[in-house]
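What follows is a set of notes on a single structure, which appears directly below.
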Amino acid sequence: MGIRTAPDPDSEATVSKPAATAFGWPAGFRLSRAGQIVLALTVAAAVLRFATLDVQSIWLDESATILLVQRGFAGMLSHLSASESAPPLYYILVWAWTKVFGLGVISFRSFSALVGTLTVPVMYLAGRRVSARVGIWAAALTTVNPAMYYYSQETRCYALLIFFSAIAFVLWQRALLSPDRRSLALWAGASILAVLTHYFAAFLFIPEAIVLMRRVGMKPLLLPGGAVVLVGLALMPLAVAEHGNGHKSEWIEESSLISRVAETAKQFLVGLYSPLEIFTALIGGLLAAGAILLVMRRTSRTERRVARDVAIVATSALALPLVLALTHALDVFDGRNMIADWVPTAVLICIGLGASNSHRAGTAIGLCLCVLFLGVVISINLIPSYQRDDWRGAADTLPTQASPGRVIVGETYASLPLSVYLPSLRPVTESTITTREIDFIALRERRTGRSPLAPTAPTRAPRGFRLASVHETESYAVSRFLAARPTKVEVELLRHIADAPQDEVIQQR
């Protein structure tokens with residue numbers, strides 16, 4: 001007499017009949033309960049990201065990407081080292097994407113939104129090695145985490161870096177369980193894609209390779225690991241050329257390393273900038289610490305062994321660039337550059353949330369984290385002063401019909417984001433300029449842990465001009481000055497009036 005067994009609720013799918021449907025799926029096919037939850041989370045992530053894709057303005061770094069890609073393929077690659085500080089893969093993919101979907105802001109951002117959405121099921125797989133429960137928590141945190149949300153709406157390479165790093169992490173786990181040639185080759189291939197997206201992906205590859213080496217030995221890793229190393233070496237000339245343009249990274253070294261480490265931890269928890277960020281980061285940190293405590297006390301032996309490997313990768317990926325910064329060999333430690341380390345860090349936390357012996361405590365901590373994350377995301381969308389620099393709002397404030405030779409005074413590199421919304425801009429290089437209209441644009445000033453400073457545009461008119469209007473919001477302020485006839489004015493005087501010697505003076509023709 002046979003024994004009937006119930007289908008595993010955590011299996012990827014249950015097939016009840018062998019017959020196929022018209023779409024090729026087996027008849028009776030249905031997702032497991034875990035699969036249904038992950039699908040719902042993926043849909044929720046897509047809605048959250050795409051529905052609010054145009055809420056915030058393009059900011060400086062995004063405008064650099066847009067202007068670079070608009071050059072065309074050959075021009076884009078030739079100007080990469082002068083404009084950016086990352087490898088070329090993201091820009092190549094976005095260039096192809098815009099050929100299909102156009103060069104609008106939504107088109108650019110939709111690529112990151114799609115990649116950020118697809119990261120949700122990948123993170124499920126990253127936690128699934130332990131259990132479906134851990135995988136679900138990893139997918140849930142990815143759906144609502146403020147940093148994951150932010151980078152999914154930015155025209156930069158970070159969403160793609162997280163995506164490829166997560167895939168490489170999943171394939172690394174597979175290689176640990178089954179270190180055959182195919183598994184190692186897939187892991188190396190995903191690692192290559194991650195390194196081609198951002199140089200800091202190497203800091204995840206190194207500890208993953210070391211853990212694998214301890215498990216399977218050096219010989220099986222020579223070919224797949226060597227391929228990743230060769231790609232890294234091939235990128236070195238580009239990395240050196242990009243780093244040689246010091247203005248792109250010197251702002252990082254201007255802040256203390258301690259503050260950057262703290263900023264990285266805060267970013268992992270509550271994103272880049274948000275209301276009450278010190279308070280919310282503290283709460284998030286305590287909840288994360290509680291999850292780590294569950295890893296140490298409530299996990300089984302198998303769960304603890306997996307957690308140890310994950311912790312080695314997470315801490316090493318943080319420690320390696322930190323050591324380089326401390327020794328002044330290469331100081332580019334920054335929250336943005338470190339964002340790929342969120343993948344193993346999140347999985348480690350989720351092992352605590354989904355541990356076999358921590359159901360109630362893990363569920364309570366996980367739900368609190370999700371509520372906290374979602375609250376931060378909603379508050380950012382509701383409070384403009386905590387969003388990206390609002391160059392779109394400032395540009396929309398200016399009359400569509402500009403006076404001939406309109407002059408705009410804004411912060412350093414203001415011409416880049418403004419050029420996305422205003423046509424025919426050029427930085428002024430002359431010492432004097434003739435115009436009938438001068439517009440000063442001021443943005444709110446961010447302050448870590450405190451409310452932003454309200455923007456204030458100057459109201460003192462240059463000689464020959466009169467104050468025509470002042471428009472102030474919590475994100476930006478614009479003051480307009482008009483002259484009865486074309487009037488010559490000194491560029492340095494405009495910077496003096498703005499009380500900002502580094503401000504850029506731009507002319508719209």
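Since the structure is predicted, the reported quantities are computational estimates derived from the model, not experimental observations. Values reported hereafter were calculated over all heavy atoms of this structure, with side chains retained and with hydrogens, waters and symmetry mates removed.
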Q.
Test your reading of the model: is there a side-chain donor-acceptor pair from S256 to the backbone of S259, 3.5 Å cut-off?
A. yes
**Q.** Distance, nearest 0.5 Å, that separates CD1 of I438 from CG of L482
**A.** 9.5 Å
Q: Consider only side-chain N and O atoms of S107 and S110, and report whether a donor and an acceptor are under 3.5 Å apart.
A: no
Q) Yes or no on side chain to side chain contact (heavy atoms under 4.5 Å, CB included) for L114 and W97, after CA distance, side-chain angles and deciding distance? A) CA-CA 11 Å; L114 176 62; W97 180 269; 3.7 Å; yes
Q. What distance separates L68 CG from S63 OG, expressed to the nearest 0.5 Å?
A. 11.0 Å
Q: Search all heavy atoms of P224 against all heavy atoms of L184 and return the closest pair with its distance.
A: CB-O, 3.7 Å
Q. Do any pairs count as a side chain to side chain donor-acceptor pair (under 3.5 Å) and have a residue in residues 489-509, sequence neighbours left out, and if so which ones?
A. R406-Q508, S415-E504, R426-Q507, E492-R495, Q507-R509
Q: Check L161 against A194 and note the closest heavy-atom contact, atom names and distance.
A: CD1-O, 4.1 Å
Q: Would you please test D54 and R392 for side chain to side chain contact (heavy atoms under 4.5 Å, CB included) and show each step?
A: CA-CA 11 Å; D54 198 34; R392 178 179 59 191; 3.0 Å; yes
Q.
According to side chain to side chain donor-acceptor pair (under 3.5 Å), does anything in residues 195-209 pair up with another residue at least two apart or in another chain? List the pairs.
A. W187-E208, H198-N337, Y199-E242
Q: To the nearest 0.5 Å, tell me how far L257 CG sits from D334 CG.
A: 10.5 Å
**Q.** Nearest atoms (heavy-atom pairs only) where V38 meets P121
**A.** CG1-CA, 4.0 Å
**Q.** Gap separating the CG atom of L171 from the OG atom of S191, nearest 0.5 angstrom
**A.** 8.0 Å
Q: Might you confirm whether atom CZ of R447 has over 12 heavy atoms from other residues, nucleotides or ligands at distances under 6.0 Å?
A: yes
Q) Looking at CZ of F50 and CG of L53, how far apart are the two atoms once the value is rounded to the nearest 0.5 Å? A) 7.0 Å
Q. Quick one: side chain to side chain donor-acceptor pair (under 3.5 Å) pairs with a partner in residues 448-475, sequence neighbours left out?
A. S385-E474
(Q) Before you tell me yes or no, could you show the steps for Y421 and D396 under side chain to side chain contact (heavy atoms under 4.5 Å, CB included), namely the whole-Å CA-CA distance, both residues' side-chain angles and the distance that decides it to 0.1 Å? (A) CA-CA 8 Å; Y421 302 106; D396 289 344; 5.5 Å; no
(Q) Strictly below 4.0 Å, N to O, side chains only: are D61 and R388 in salt-bridge contact? (A) no
Q: Classify the angle between the aromatic ring planes of F203 and F200 as parallel (below 30°), tilted (30 to 60°) or perpendicular (above 60°).
A: perpendicular
Q) Under 3.5 Å, side chain of S419 to main-chain N/O of L416, donor-acceptor pair present? A) yes
(Q) Would you say Y476 and T397 are linked by a side-chain donor-acceptor pair, where the criterion is simply a distance under 3.5 Å? (A) yes
Q) side chain to side chain contact (heavy atoms under 4.5 Å, CB included) with A329: which residues, sequence neighbours excluded? A) L324, T327
Q: Please tell me if the side chains of V377 and V144 come closer than 4.5 Å, counting only heavy atoms from C-beta onward.
A: no
Q | pair W342-T142: side-chain heavy atoms closer than 4.5 Å | A | yes
Q) Which atom pair, heavy atoms only, marks the closest approach of R480 to D439? A) CG-OD1, 3.1 Å
Q. Residues two or more places apart in sequence or in another chain: which of them pass side chain to side chain contact (heavy atoms under 4.5 Å, CB included) with L193?
A. L89, F164
Q: Using atom types as modelled and distance alone, determine if a side-chain donor or acceptor of S479 lies under 3.5 Å from a backbone N or O of P458.
A: yes
Q) Would you call D390 and R444 a salt bridge, using N to O less than 4.0 angstrom? A) no
Q. Just by distance, with hydrogens left out, do S57 and Q387 show a side-chain donor and acceptor under 3.5 Å apart?
A. no
Q: May I ask you to check whether over 12 heavy atoms, not counting those of L223, lie within 6.0 Å of atom CG?
A: no
Would you be so kind as to tabulate the donor-acceptor pairs closer than 3.5 Å made by side chains of residues 264-271, with sequence neighbours excluded?
from: T264; atom 1: OG1; to: R260; atom 2: O; distance (Å): 2.8
from: T264; atom 1: OG1; to: G335; atom 2: N; distance (Å): 3.4
from: K266; atom 1: NZ; to: E263; atom 2: OE2; distance (Å): 2.9
from: K266; atom 1: NZ; to: G271; atom 2: O; distance (Å): 3.4
from: K266; atom 1: NZ; to: L272; atom 2: O; distance (Å): 2.5
from: K266; atom 1: NZ; to: E277; atom 2: OE1; distance (Å): 3.0
from: Q267; atom 1: OE1; to: Y151; atom 2: OH; distance (Å): 2.5

**Q.** V323 side chain near F333 side chain, heavy-atom distance below 4.5 Å
**A.** no
Q) What pairs with Y91 under ring-ring contact (aromatic ring centres under 6.0 Å, His included), at least two apart in sequence or on another chain? A) none
Q | Pairs touching residues 141-158 that satisfy salt bridge (charged side-chain N to carboxylate O under 4.0 Å, His left out), sequence neighbours left out | A | E84-R156, E154-R336
(Q) Are the side chains of P344 and V310 in contact, using a 4.5 Å heavy-atom criterion? (A) yes
**Q.** Any L212 side-chain heavy atom under 4.5 Å of W172 side chain
**A.** yes
**Q.** Residues which pass side chain to side chain contact (heavy atoms under 4.5 Å, CB included) with T155, listed by chain and number, not counting sequence neighbours
**A.** I58, E62, T65, I66, Y90, F108, R109
Q. Heavy-atom distance under 4.5 Å between the side chains of V343 and L204, does that happen here?
A. no
Q: Under the side chain to side chain contact (heavy atoms under 4.5 Å, CB included) rule, collect the residues that match up with T429, sequence neighbours excluded.
A: none
Q) Should we count CD1 of I258 as having more than 12 external heavy atoms under 6.0 Å? A) no
(Q) side chain to side chain contact (heavy atoms under 4.5 Å, CB included), that's the test. Do L48 and Y149 meet it? Break it down for me. (A) CA-CA 8 Å; L48 187 63; Y149 170 80; 3.8 Å; yes
**Q.** T487 side-chain N/O to A483 backbone N/O, donor-acceptor pair under 3.5 Å
**A.** no
(Q) Do I162 and V115 have side chains that approach each other closer than 4.5 Å (heavy atoms only, starting at C-beta)? (A) no
Q. For the residue pair P275 and I383, what are the closest heavy atoms and their distance?
A. CG-CD1, 3.7 Å
Q. At what distance, to the nearest 0.5 angstrom, does CZ of F481 lie from CD of E437?
A. 11.0 Å
(Q) Has H243 got a side-chain atom pairing as donor or acceptor with A239's backbone, closer than 3.5 angstrom? (A) no
**Q.** By ring-ring contact (aromatic ring centres under 6.0 Å, His included) - contacts of Y273 (at least two apart)
**A.** Y386
**Q.** All pairs passing side chain to side chain donor-acceptor pair (under 3.5 Å) where residues 39-51 contributes a residue, at least two apart
**A.** R49-S152
Q: For the pair N145 (side chain) and A147 (backbone), establish whether a donor and an acceptor sit closer than 3.5 Å, ignoring hydrogens and angles.
A: yes
Q: Measure across A317 and P207 and return the closest heavy-atom pair with its distance rounded to 0.1 Å.
A: N-CG, 4.3 Å
Q) With a 4.5 Å heavy-atom cut-off, do V470 and V478 have their side chains touching? A) no
